[in-house]
Amino acid sequence: MVSTDRTRALSFAALLSPPFFRHVRPLESQTMRLSRFMLPTLKENPAEASIVSHRLMLRAGMVRQHASGIYNWLPLGLKVLRRIEAIVREEQDRTGALEILMPTIQSAEPWKESGRYDDYGKEMLRIVDRHDVDLLYGPTHEEVVTDIFRKNVGSYKSLPLNMYQIHWKFRDEVRPRFGVMRGREFLMKDAYSFDTSFEAAKHAYNKMFVAYLRTYERMGLKAIPMAADTGPIGGKLSHEFIILAETGESAVYCHKGLLEKSVPKDVDYDADLQPIINDWTSLYAATDEMHVETHGVPEGDLVAARGIEVGHIFHFGTKYSEPMGATVTMPDGTNQPVYMGSYGIGVSRLIGAIIEASHDDNGIIWPKEVAPFAAGLVNLKSGNAETDAVCADIYDRFRARGSEVLYDDTDERAGAKFANMDLIGLPWQIIVGPKGVAKGVVELKNRATGERDELSLDAALQTVLG
RNA sequence: CGGGGCGUAGCUCAGCCAGGUAGAGCGCUAGCUUUGGGAGCUAGAAGCCGGAGGUUCGAAUCCUCUCGCCCCGACCA
């Protein structure tokens with residue numbers, strides 16, 4: 001039967017009725033009970049994973065591989081991804097950058113204009129639609145954002161401008177590996193700055209530089225900016241942000257003083273940031289391909305290590321604005337190509353990097369800021385009236401505070417519960433057993449240090465919630 | 001893209017060389033016992049042995065082709 005306007009109107013109304021909105025639920029009704037959660041943990045190491053972060057992400061039930069270099073994000077993994085995204089977003093917003101969302105599937109046209117359609121090579125996944133139009137799954141977005149700019153911005157008065165997005169990209173890597181650290185599909189924050197002069201663009205670059213330092217620090221990481229090769233994006237000024245980790249994919253070198261530097265707090269992004277940049281770039285730091293013998297660092301002060309690239313910033317001037325005609329009218333009436341930069345953070349890769357930097361033999365150790373739950377609540381004897389009651393109370397109090405706790409209300413044995421909690425790495429474990437309850441205490445375990453303390457319920461909550 | 005390896009139950013793997021009707025451990029289901037660091041016993045469910053051809057009375061096993069995945073290197077957020 002063909003739907004009439006009337007039936008269509010009715011069904012649309014039905015969509016607006018309350019049941020349709022049931023998925024939009026306040027925190028209080030989200031389930032954080034393990035018995036209702038999907039957490040497919042693995043006791044054994046999957047054969048497909050060789051490095052520790054990949055193994056732990058699979059074992060902790062965070063991700064599952066869908067195809068080579070392409071992953072499904074399960075509930076626990078998605079929670080971490082969202083937390084990292086939120087930190088990145090906050091720090092970008094703080095600089096005055098504006099969030100937008102560009103398509104994953106792009107037209108080949110602007111790429112033909114910039115010349116990169118031919119230059120990019122096989123890493124670009126090319127698609128032809130039914131009308132024989134050339135499309136591609138975006139590996140990056142300089143062309144698209146430049147197109148947005150030229151069609152919508154025409155005056156120097158609109159600058160400076162920085163647009164960013166947090167979105168999925170695809171690069172058809174020859175050899176995907178290391179789980180989400182080197183996947184083909186990955187979540188990336190990419191920002192693009194537009195300015196009227198080289199000097200102004202330098203300031204835009206510096207803002208991102210500082211924002212990156214802050215972003216990584218909030219995730220519990222020590223990232224070191226290193227002079228970098230600009231690669232196919234082009235330009236002269238570029239830094240990679242590197243996390244030191246044994247399993248890093250490239251060799252890196254830096255002065256040990258960089259490991260001690262502190263990250264600026266309460267930054268005024270309108271002020272001159274050059275002193276901060278100078279401070280961070282005054283000491284030698286370079287990736288393998290930029291490393292030189294004439295670095296001048298005393299033997300004992302040079303750190304040679306392996307690193308994971310978690311961010312890359314470029315200033316490339318008019319490389320795209322010129323061929324694509326992205327110009328603004330200046331005060332004197334002339335039209336001038338804009339000076340651009342682009343700034344990437346590998347959001348999904350960061351999860352792997354954080355685990356590489358923070359784990360032990362028992363599993364992941366999440367830094368507080370990115371942990372999927374603030375704490376785990378372990379009922380050692382589910383079904384016991386006393387422990388059930390205490391756990392229900394704790395669970396409710398967390399929810400009342402708007403904080404998330406993962407309540408293991410299953411009837412697994414204690415050992416299995418402990419092992420699982422250690423594996424998924426929540427910062428705190430609140431352990432409730434019959435003996436403790438009889439004494440009026442719960443046990444609080446710090447995942448990172450392994451310390452366990454018997455505390456009153458209030459003291460435990462105070463420690464976890466702060 | 002060069003080189004190597006592997007596809008058998010949800011996971012880890014045995015069986016393949018020397019063809020004969022599919023196995024173990026873990027996990028899962030049920031019951032009993034157990035209960036503070038991945039428990040024990042009993043009973044179960046679960047696999048077109050990656051796919052397609054071929055050889056053979058008979059193929060997980062031999063041959064050919066194909067698809068997928070992993071590892072090492074060269075390349076990349």
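No hydrogens, no waters, no symmetry mates; every other heavy atom, side chains included, goes into these values. Convention: sequence-line order gives letters A, B, ...; per-chain numbering from 1.
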Undergrad: Which comes earlier along RNA chain B counting from the 5' end, the contact point of A:H66 or that of A:K445, where each point is its nearest nucleotide?
TA: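 The residue closer to the strand's 5' end, by nearest nucleotide, is A:K445.
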Undergrad: Taking a pair as Watson-Crick or G-U wobble with both distances under 3.5 Å, which nucleotide is matched to B:G25?
TA: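 With both distances under 3.5 Å, B:G25 matches B:C11.
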Undergrad: One character per nucleotide, please: for nucleotides 8-13 of chain B, 5' to 3', B when the base has a protein heavy atom closer than 4.0 Å, S when only the sugar-phosphate does, - otherwise.
TA: ---BSS
Undergrad: What nucleic acid atoms does A:A414 come within less than 4.0 Å of, heavy atoms only: base, sugar-phosphate, or nothing?
TA: sugar-phosphate
Undergrad: Rounded to the nearest Å, what distance is computed from the NZ atom of residue A:K435 to the P atom of nucleotide B:U35?
TA: 10 Å
Undergrad: Tell which nucleotide pairs with B:G36, taking only Watson-Crick or G-U wobble pairs whose two distances are both under 3.5 angstrom.
TA: none
Undergrad: Scan every strand shown for a Watson-Crick or G-U wobble partner of B:C41, both distances under 3.5 Å, and answer none if you come up empty.
TA: B:G31
Undergrad: Using a strict cut-off of less than 4.0 Å between a Lys/Arg side-chain nitrogen and an Asp/Glu carboxylate oxygen, indicate whether A:R116 and A:D119 qualify as a salt bridge.
TA: no
Undergrad: Rounded to whole Å, please give me the gap between CG in A:N379 and P in B:G36.
TA: 14 Å
Undergrad: Is the A:H239 ring parallel, tilted or perpendicular to the A:Y205 ring (thresholds 30°, 60°)?
TA: tilted
Undergrad: With a 4.0 Å cutoff (strictly under), does any side-chain N or O of A:S68 reach OP1 or OP2 of B:C70?
TA: yes
Undergrad: Out of B:C1, B:G37, B:C70, which has the shortest distance to the side chain of A:V174?
TA: B:C1
Undergrad: Hey, does the side chain of A:R413 come within less than 4.0 Å of B:G38's phosphate (OP1/OP2), counting only N and O?
TA: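 Looking at the OP1 and OP2 atoms of B:G38, neither is under 4.0 Å from any side-chain N or O of A:R413.
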Undergrad: Counting only Watson-Crick pairs (N1-N3 plus N6-O4 or O6-N4) and G-U wobbles (N1-O2, O6-N3), all under 3.5 Å, who is the partner of B:C1?
TA: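 Pairing partner: B:G73.
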Undergrad: By the 4.0 Å heavy-atom rule, please label A:G433 as base, sugar-phosphate, or nothing.
TA: base
Undergrad: Rounding to an integer number of Å, can you tell me how far A:D361 CG sits from B:G38 C1'?
TA: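 Taking CG of A:D361 and C1' of B:G38, I get 15 Å after rounding.
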Undergrad: Under 4.0 angstrom, heavy atoms only, what part of the nucleic acid is A:G383 near: base, sugar-phosphate, or nothing?
TA: nothing
Undergrad: Judged by atom type as modelled, is there a donor-acceptor pair below 3.5 Å linking the side chain of A:R83 to the main-chain atoms of A:V370?
TA: no
Undergrad: With a 3.5 Å cut-off and heavy atoms only, can you find an N or O donor on one side and an acceptor on the other between the side chain of A:R171 and the base of B:C75?
TA: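 No pair found.
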Undergrad: Which pair of heavy atoms, one from A:Y284 and one from A:V292, lies closest together, and at what distance?
TA: OH-N, 3.1 Å
Undergrad: Could you give the distance separating B:G51 and B:A60 at their C1' atoms, to the nearest angstrom?
TA: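 It works out to 14 Å between them.
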Undergrad: In whole Å, what is the span from the CZ atom of A:R55 to the P atom of B:C70?
TA: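 Atom-to-atom, A:R55 to B:C70, this comes out as 15 Å.
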Undergrad: Has A:E356 got a side-chain atom pairing as donor or acceptor with A:S53's backbone, closer than 3.5 angstrom?
TA: yes
Undergrad: How is A:R59 classified with respect to the nucleic acid when contacts are heavy atoms under 4.0 Å: base, sugar-phosphate, or nothing?
TA: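 Answer is base: heavy atoms of A:R59 come under 4.0 Å of a base.
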Undergrad: Does A:Q65 place a side-chain N or O at less than 4.0 Å from the phosphate oxygens OP1/OP2 of B:C70?
TA: yes
Undergrad: Using whole Å, report how far CE of A:M181 lies from P of B:C76.
TA: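 Between P of B:C76 and CE of A:M181: 17 Å.
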Undergrad: Whom does B:U64 pair with, Watson-Crick or G-U wobble, provided both distances fall under 3.5 Å?
TA: B:A52
Undergrad: Measure CD/A:E412 against C1'/B:G38 and give the value in whole Å, please.
TA: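 Between C1' of B:G38 and CD of A:E412: 8 Å.
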Undergrad: With respect to the side chain of A:R175, which nucleotide from B:C76, B:G38, B:C71 is positioned closest?
TA: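 It is B:C71.
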Undergrad: Checking contacts here: which listed nucleotide (B:C1, B:G37, B:C76) is nearest the side-chain heavy atoms of A:D422?
TA: B:G37
Undergrad: Please tell me if A:K417 has a side-chain N or O lying less than 4.0 Å from either OP1 or OP2 of B:G38.
TA: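 For A:K417, the contact criterion (side-chain N or O under 4.0 Å from OP1 or OP2 of B:G38) is not met.
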Undergrad: If you count the non-hydrogen atoms of other residues, nucleotides and ligands that lie under 6.0 Å from CG in A:N72, is the total more than 12?
TA: yes
Undergrad: If we call it a pair only when both distances are under 3.5 Å in a Watson-Crick or G-U wobble match, what pairs with B:C17?
TA: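 No nucleotide pairs with B:C17.
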Undergrad: Considering only the P atoms, how many Å lie between B:G23 and B:A45, rounded to the nearest integer?
TA: 13 Å
Undergrad: Taking atom C1' of B:G36 as reference, at what distance in whole Å does atom CD of A:Q429 sit?
TA: 12 Å
Undergrad: Between B:G38, B:C76, B:C69, spot the one nearest the side chain of A:A67, thanks.
TA: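 Nearest listed nucleotide: B:C69.
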Undergrad: What is the distance, rounded to the nearest whole Å, between atom NZ of A:K43 and atom P of B:C28?
TA: 8 Å
Undergrad: Which residue pairs satisfy the side-chain hydrogen bond (donor to acceptor under 3.5 Å, both in side chains) criterion with at least one member in residues 369-383 of chain A, sequence neighbours excluded?
TA: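 Listed by first then second residue: A:N379-A:T387, A:N379-A:D388, A:N379-A:Y407, A:S382-A:K417.
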Undergrad: Hey, which of these two, A:E240 or A:P176, hits RNA chain B nearer its 5' end, going by closest nucleotide?
TA: A:P176
Undergrad: Check this for me, if you would: do A:D147 and A:K151 make a salt bridge, where the nitrogen-to-carboxylate-oxygen distance has to be below 4.0 angstrom?
TA: yes
Undergrad: Establish, for the pair A:R150 and A:Y320, whether the NZ or CZ atom is under 6.0 angstrom from the six-membered ring centre and no further than 45 degrees off its axis.
TA: no
